[in-house]
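Written out below as structure tokens is the structure these notes cover.
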2 protein chains.
Amino acid sequence: MENTSTVESAKQKLNDWLDKGIIVSGNKLPSERELEELLGVKRMTLRQALLHLEGESKIFRKDRRGWFVALPRFNYNPSSATSFKQAAIEQGRLPSWGYLSKERVHAAAPNILALLGVKEGDALYKICGWGALDNHKVFYHETFINAQVAPDFIEQLGEGSFAEAWETIYSKKTHTKHLEFKPTRFSGSACKGIGGTPGTPSIRVKKYRADEADKIVQIDIEYWRFESVEFFIDL
Amino acid sequence: MENTSTVESAKQKLNDWLDKGIIVSGNKLPSERELEELLGVKRMTLRQALLHLEGESKIFRKDRRGWFVALPRFNYNPSSATSFKQAAIEQGRLPSWGYLSKERVHAAAPNILALLGVKEGDALYKICGWGALDNHKVFYHETFINAQVAPDFIEQLGEGSFAEAWETIYSKKTHTKHLEFKPTRFSGSACKGIGGTPGTPSIRVKKYRADEADKIVQIDIEYWRFESVEFFIDL
DNA sequence: GAGTGGTCTAGACCACTTT
DNA sequence: AAGTGGTCTAGACCACTCG
């Protein structure tokens, strides 16, 4: 009669409730203590079920804030000229973003300096920020820019997007030259910046952007929430 | 004196032992029961530590077989003409692969048929297999091929690689036309094919390969072990 | 301040792998 | 047959969030 009270059965019930839209009022799931009662499993077991559903992109976590019904995946073409903002709108999503820090620095990882063609000790810009869809943060980024190529970039950027700044202020059309995808887990600044749970899988996307002369002018390192995105590239 | 006996401390100790190469004889870690004693933590706690280290690519699991010291990440360019075999050798790794099934089928997902230009009810080939580095399986794949474009592909393939078959037998040079990266978790056939633990994060790579006339002749769906790979693309 | 998520303990049983 | 990994129970404490 009663089911086997295992992770699998808990998952199925939760899945049902999610599909049917019941129980899950608004967007937040009931607390774990309520759920363990509703599902007839213990806390650690429930946790497994929730973690599995997280992996299947049905739900997601905000650190210390609980579990939420997942939003659709974002279809992202990192090589496209289309900005995050525009792509989001095209997919019927509400984009937003913020900057956590904008610094003029004189040091960075050696390979960053080399790629940007910045001499040891010379200035470059480091900008950290996040991007969100429907008010849910989906990526954190660190961006490096050659200060010689784009003087006063920080001031010019304001609250606008990178693409806008490049085109409007420096009249440069940039294109993606190189891409890297590395499966990792959230930790450190990416974790804080996005409000992610440490240890949760994530994808690090590294992007070199170049100008018309094929000179690398910007390096982006983005950390995406594992379940919130899907990448595609046309060649 | 004794540390706080938390996940973090267990991780640090394990990390130490891994770095120094002690405790870890051969390639397999001691059993979980031994480790809980050595580290002074309980099983579920140890498990958290191990899972974290798995996420950081220091160790990996074989289903029901235990924990192993991780191998280096494979640097994989999915758009390159270079075959898996060749790329592996260039990175000083020992590649191997196997086929789990080779079928002539008359049905597949509608979008697969459409992309390959196979009419409803017509034949296509479905080939499932795996790839390994240093005798550790790192990906599982399902490949679909238009039977009209490459008659008798299954027979011609033998135990060789796809690239070899296309070039030698059909004298076609193929190139990657489209790529998709989707973070998922292991389940179903991919899980079995690779000996992965269900629920473990993985990356699904979808690849359309086309001939000189830009006609799609092959669709690859690969499921990669999360921690064993890093992708890059030059544009 | 109550409630909640994150973490941890100290056991247990089963299915599978290995010896 | 013994050992091991996978799973589950029934508690507990702490740090943080939220009302």
Side-chain angles (χ1 to χ4, degrees), chain A residues 2-14 23-55 59-69 137 185-187 191-192 194-200, chain B residues 2-14 24-55 59-69 137 185-187 191-192 194-201:
Chain A
E2 275 302 300
N3 61 46
T4 35
S5 116
T6 167
V7 169
E8 206 47 48
S9 75
K11 263 183 65 178
Q12 280 171 22
K13 274 195 195 174
L14 280 167
I23 283 282
V24 182
S25 66
N27 255 339
K28 185 173 180 319
L29 272 69
S31 81
E32 294 187 0
R33 263 109 177 160
E34 280 180 72
L35 284 176
E36 58 176 333
E37 195 128 332
L38 288 166
L39 294 166
V41 293
K42 286 301 158 190
R43 189 108 175 278
M44 296 306 271
T45 312
L46 169 67
R47 219 130 221 287
Q48 290 306 310
L50 290 168
L51 287 168
H52 279 189
L53 287 171
E54 185 188 33
I59 59 177
F60 68 90
R61 260 193 294 184
K62 293 188 188 175
D63 194 30
R64 297 203 153 272
R65 225 160 298 182
W67 298 89
F68 298 80
V69 182
K137 286 177 188 163
R185 307 243 169 173
F186 276 123
S187 71
C191 195
K192 277 179 212 137
I194 209 178
T197 313
T200 307
Chain B
E2 274 303 301
N3 61 46
T4 35
S5 112
T6 167
V7 169
E8 207 48 46
S9 74
K11 263 182 66 179
Q12 280 170 21
K13 275 195 195 175
L14 281 166
V24 181
S25 65
N27 255 339
K28 187 174 180 314
L29 271 70
S31 81
E32 295 187 1
R33 265 112 177 155
E34 280 180 72
L35 284 176
E36 57 176 335
E37 194 127 335
L38 288 167
L39 294 167
V41 293
K42 286 300 160 192
R43 188 107 175 278
M44 297 303 269
T45 312
L46 169 68
R47 222 128 220 288
Q48 291 305 312
L50 290 168
L51 287 167
H52 279 189
L53 288 172
E54 184 187 34
I59 58 176
F60 67 91
R61 260 191 297 184
K62 293 187 188 176
D63 195 31
R64 297 200 155 275
R65 225 160 297 181
W67 298 88
F68 298 79
V69 181
K137 285 177 188 162
R185 306 242 170 174
F186 276 124
S187 71
C191 196
K192 275 179 214 139
I194 208 177
T197 313
T200 308

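Bear in mind the structure is a predicted one, so any value in this text is a computation, not a measurement. Order of the sequence lines sets the chain letters (A, B, ...), proteins ahead of strands, with each chain counted from 1.
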Below the 4.0 Å mark, does C:dT7 have OP1 or OP2 next to a side-chain nitrogen or oxygen of B:Thr45?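 Negative; the distance criterion is not met.
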According to a strict under-4.0 Å criterion, is B:Lys42 in side-chain N/O contact with OP1 or OP2 of C:dA12?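 No, B:Lys42 has no side-chain N/O under 4.0 Å of OP1/OP2 on C:dA12.
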Could you state the atom-to-atom distance from [atom1] of [X] to [atom2] of [N] in whole Å?
{"X": "A:Gln48", "N": "D:dG5", "atom1": "CD", "atom2": "C1'", "result": "13 Å"}
{"X": "A:Glu32", "N": "C:dG6", "atom1": "CD", "atom2": "P", "result": "6 Å"}
{"X": "B:Leu35", "N": "D:dG5", "atom1": "CG", "atom2": "C1'", "result": "12 Å"}
{"X": "B:Leu51", "N": "D:dG5", "atom1": "CG", "atom2": "C1'", "result": "12 Å"}
{"X": "B:Lys28", "N": "D:dG3", "atom1": "NZ", "atom2": "P", "result": "14 Å"}
{"X": "A:Glu36", "N": "C:dG3", "atom1": "CD", "atom2": "P", "result": "15 Å"}
{"X": "B:Lys11", "N": "C:dT7", "atom1": "NZ", "atom2": "P", "result": "11 Å"}
{"X": "A:Arg47", "N": "D:dA10", "atom1": "CZ", "atom2": "C1'", "result": "16 Å"}

B/S/- along nucleotides 13-19 of chain C (protein heavy atoms under 4.0 Å) is B-BSSS-
Qualifying residues under side-chain hydrogen bond (donor to acceptor under 3.5 Å, both in side chains), relative to A:Lys11, sequence neighbours excluded: A:Glu56
Who passes side-chain hydrogen bond (donor to acceptor under 3.5 Å, both in side chains) against A:Arg65, sequence neighbours left out?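 Residues passing side-chain hydrogen bond (donor to acceptor under 3.5 Å, both in side chains) with A:Arg65: none at all.
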With nearest nucleotide decided by heavy atoms, which residue, A:Trp67 or A:Met44, maps closer to the 5′ end of DNA chain C?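 Counting from the 5' end, the first nearest nucleotide belongs to A:Trp67.
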State which of D:dT4, D:dT9, C:dG6 makes the closest approach to the side chain of B:Ser31. D:dT4
Atom NE2 in B:His52, atom CD in B:Gln48: separation rounded to 0.5 Å?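 Those atoms lie 5.5 Å apart.
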Could you grab the distance from atom CD of B:Glu8 to atom OG1 of B:Thr45, nearest 0.5 Å is fine?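 Interatomic distance, B:Glu8 CD to B:Thr45 OG1, rounded to 0.5 Å: 13.0 Å.
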Give me the atom names and distance for the closest heavy-atom approach of B:Glu32 to B:Leu46. O-CD2, 3.3 Å
So, applying side chain to side chain contact (heavy atoms under 4.5 Å, CB included) with A:Ile59, which one of A:Leu50, A:Leu14, A:Asn27 is it?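 Single side chain to side chain contact (heavy atoms under 4.5 Å, CB included) partner of A:Ile59 among A:Leu50, A:Leu14, A:Asn27: A:Leu50.
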Taking the side chain as every heavy atom from C-beta outward, state whether A:Arg61 and A:Leu51 have any atom pair closer than 4.5 Å.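 Yes; the side chains approach each other to less than 4.5 Å.
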